[in-house]
Amino acid sequence: MRTHTLMLTLALGAFAPALAQTAPTAAPTVAQPAGTVSEVVVNGTTELLANFVRATLNVQPGAPVASVDLEAVRQGVLNSGYFSSATARVEQREGRDVLVIDVVPNATIGSVDATGLTFLPAEALKRASPIC
């Protein structure tokens with residue numbers, strides 16, 4: 001028994017320096033199996049809102065394409081309240097299945113006009129509000 005333990009210790013010891021010298025590398029990009037969503041792309045908005053859509057989406061990379069309900073994806077994006085329209089589709093890009101979502105953001109408020117105020121002068125409201 002003692003001979004086997006010594007041989008195992010010597011065998012493991014021979015590989016330890018090689019393992020210790022191996023430099024850590026960046027995590028490799030994991031290829032998704034065929035038939036799975038490999039990426040979610042959001043077009044038509046800022047990077048901030050695109051990241052919001054990806055984070056709150058009910059479909060994430062790795063999900064089976066067959067389980068993707070494009071109408072549910074579209075409705076989920078619209079229900080966020082940030083977009084006036086959205087479309088969703090799955091495209092083949094470089095042999096990968098990519099979920100592509102095209103959005104149109106809601107219009108931003110450019111100005112607010114306050115007229116007919118009787119309890120507060122319009123100028124006081126404008127000074128108090130950062131959007132006026």
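In what follows, residues are counted from 1 in the order of the sequence shown.
Residues V73 and A88 come closest through the heavy atom pair CG1-CB, 3.8 Å. Contact between P61 and V40 at its shortest, heavy atoms only, is CD-CG2, 4.3 Å. Smallest separation of non-hydrogen atoms from F83 and N106: C-OD1, 3.3 Å. Nearest heavy atoms, V65 versus T36: CG2-C, 3.7 Å. Nearest heavy atom pair, residue P105 against residue T45, reads CG-OG1, 3.9 Å. Pairing each heavy atom of V77 with each of A86, the nearest pair is CG1-CB, 3.8 Å.
In this structure, the side chains of R93 and V41 come closer than 4.5 Å at one or more pairs of heavy atoms. N51 has its side chain out of reach of V42: every pair of non-hydrogen atoms, C-beta onward, lies at least 4.5 Å apart.
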* Do D69 and V59 pass the side-chain contact (heavy atoms from CB on, under 4.5 Å) test, and can you show the C-alpha distance, the side-chain angles, and the key distance before you say yes or no? -> CA-CA 9 Å; D69 181 348; V59 176; over 6 Å; no
* Would you please test I101 and L57 for side-chain contact (heavy atoms from CB on, under 4.5 Å) and show each step? => CA-CA 11 Å; I101 304 168; L57 205 57; 3.7 Å; yes
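The residues R54 and E39 are annotated as not salt-bridged, no charged nitrogen and carboxylate oxygen being separated by less than 4.0 angstrom.
Following chains of ILVMFWY side-chain contacts shorter than 4.5 Å, one cannot reach V53 starting from V104, and the two form parts of different hydrophobic clusters. In the hydrophobic clustering of ILVMFWY residues, with side-chain heavy atoms under 4.5 Å counting as a link, V100 and V90 come out apart. Note on V103: it clusters hydrophobically with Y82, by side-chain heavy-atom contacts below 4.5 Å among ILVMFWY residues.
R74 contributes atom CZ, which lies 12.5 Å from atom CG of D102 (distance to the nearest 0.5 angstrom).
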